[in-house]
Amino acid sequence: MNFENEKDYIMRIIHEVIKLLISLILGKNANQEEQSPEEIYSLSDSKCSQIKSMVDRGEINEAENMLFEKLDGTDKASAAEMIFFYEYTSQKSSEFLKQHNYSKEEVLEGLRMLAAKTGFRHMTDLLEES
């Protein structure tokens, strides 16, 4: 597999895992493209802005740590924040992520950890087997 195909494969897996977690954890349909992140994740504008700002400033690891510290496997709101964080972070270029000591692979691993914490690890494992 060449490097470009590998990046595309990782992005497809990330996208599918995000859609799956939105459906399983939040009970929502992630295929409705016209919905805003606020509607999909039921997050306030200020919470979305805070997460986006941290990522945009390159504080990706700090944002991830902050969100994981307050993550409760049974709390939909904290899980929604994590999914939103990973979706937004995955949209950044590989170069941007590399500059800030992060990668698309770390996005995928974080989603796996989130799935495990919320009881859905087996579902994300199935996606990678296909």
Side-chain angles (χ1 to χ4, degrees):
M1 180 181 297
N2 72 34
F3 185 67
E4 205 54 43
N5 287 339
E6 185 176 332
K7 286 192 322 186
D8 289 343
Y9 174 74
I10 291 170
M11 283 305 299
R12 282 193 307 273
I13 293 295
I14 288 170
H15 183 71
E16 291 304 315
V17 170
I18 287 171
K19 284 178 22 181
L20 181 64
L21 292 177
I22 289 171
S23 177
L24 293 172
I25 296 171
L26 306 180
K28 296 189 177 185
N29 181 356
N31 288 325
Q32 298 177 356
E33 297 296 324
E34 66 277 358
Q35 288 185 325
S36 70
E38 292 83 0
E39 292 171 318
I40 293 171
Y41 298 107
S42 300
L43 298 174
S44 68
D45 288 340
S46 64
K47 180 48 77 176
C48 289
S49 293
Q50 177 190 15
I51 293 169
K52 287 179 178 180
S53 292
M54 288 185 79
V55 172
D56 291 344
R57 288 191 307 262
E59 298 169 358
I60 302 167
N61 288 298
E62 295 86 346
E64 183 180 43
N65 292 340
M66 176 191 73
L67 292 168
F68 256 116
E69 284 175 13
K70 70 178 198 170
L71 179 66
D72 173 355
T74 61
D75 177 31
K76 286 185 181 184
S78 61
E81 291 174 9
M82 291 295 307
I83 300 168
F84 175 74
F85 163 77
Y86 288 119
E87 180 180 24
Y88 188 72
T89 302
S90 72
Q91 296 169 8
K92 297 296 184 186
S93 71
S94 295
E95 295 76 28
F96 176 85
L97 295 176
K98 186 176 180 179
Q99 283 179 326
H100 300 289
N101 300 315
Y102 211 78
S103 68
K104 305 279 185 185
E105 291 80 6
E106 286 178 276
V107 169
L108 186 54
E109 184 55 34
L111 287 165
R112 287 185 190 126
M113 289 171 31
L114 173 61
K117 182 98 174 171
T118 56
F120 294 108
R121 177 65 186 241
H122 62 286
M123 297 303 289
T124 59
D125 290 345
L126 290 175
L127 281 175
E128 292 185 42
E129 292 174 8
S130 55

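Side chains included, hydrogens not; waters and symmetry mates left out as well; all remaining heavy atoms used.
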Might you point out which heavy atoms bring [X] and [Y] nearest each other, and give the distance in Å?
X      : Y      : result
Ser78  : Asp72  : OG-N, 3.4 Å
Phe96  : His100 : O-CD2, 3.0 Å
Phe68  : Leu114 : CZ-N, 4.1 Å
Ser90  : Ile14  : CB-CG2, 3.8 Å
Leu97  : Ser103 : CD1-C, 4.0 Å
Glu106 : Asn61  : OE2-OD1, 4.4 Å

Quick check for you: to the nearest 0.5 Å, what is the distance between [X] atom [atom1] and [Y] atom [atom2]?
X      : Y      : atom1 : atom2 : value
Lys104 : Lys98  : NZ    : NZ    : 14.0 Å
Ile10  : Ser94  : CD1   : OG    : 8.0 Å
Ile60  : Thr89  : CD1   : OG1   : 5.5 Å
Asp75  : Thr118 : CG    : OG1   : 11.5 Å
Leu108 : Glu16  : CG    : CD    : 12.0 Å
Ile51  : Glu87  : CD1   : CD    : 11.0 Å

**Message:** Assess the residue pair Met66 and Met54 against the criterion (side chain to side chain contact (heavy atoms under 4.5 Å, CB included)); give the C-alpha distance rounded to whole Å, side-chain angles, the decisive distance to 0.1 Å, and a yes or no.
**Reply:** CA-CA 11 Å; Met66 176 191 73; Met54 288 185 79; 3.9 Å; yes

**Request:** Quick one: do Lys52 and Phe84 satisfy side chain to side chain contact (heavy atoms under 4.5 Å, CB included)? Show the steps, please.
**Result:** CA-CA 9 Å; Lys52 287 179 178 180; Phe84 175 74; 3.7 Å; yes

**Prompt:** Taking only residues two or more places apart in sequence or in another chain, which ones pass side chain to side chain contact (heavy atoms under 4.5 Å, CB included) with Lys70?
**Reply:**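 Side chain to side chain contact (heavy atoms under 4.5 Å, CB included) list for Lys70, sorted by chain: Lys47, Leu67, Glu81.
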
**Message:** Strictly distance-based, threshold 3.5 Å: is any side-chain N or O of Ser23 a donor or acceptor partner for the main-chain N or O of Lys19?
**Reply:**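 Side chain of Ser23 to backbone of Lys19, a donor-acceptor pair under 3.5 Å: no, none is there.
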
**Side chains of Gln50 and Ser46 in contact at under 4.5 Å (non-hydrogen atoms)** =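 No; the side chains remain at least 4.5 Å from each other.
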
**Request:** Would you check if Ser42 and Lys28 make a side-chain contact, meaning some heavy-atom pair closer than 4.5 Å?
**Result:**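 Heavy-atom side-chain distance check passes, below 4.5 Å.
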
**Request:** Check step by step if salt bridge (charged side-chain N to carboxylate O under 4.0 Å, His left out) holds for Arg112 and Glu109.
**Result:** CA-CA 5 Å; Arg112 287 185 190 126; Glu109 184 55 34; 3.0 Å; yes

**Request:** Tell me, with the steps shown, if Leu111 and Met82 meet side chain to side chain contact (heavy atoms under 4.5 Å, CB included).
**Result:** CA-CA 8 Å; Leu111 287 165; Met82 291 295 307; over 6 Å; no

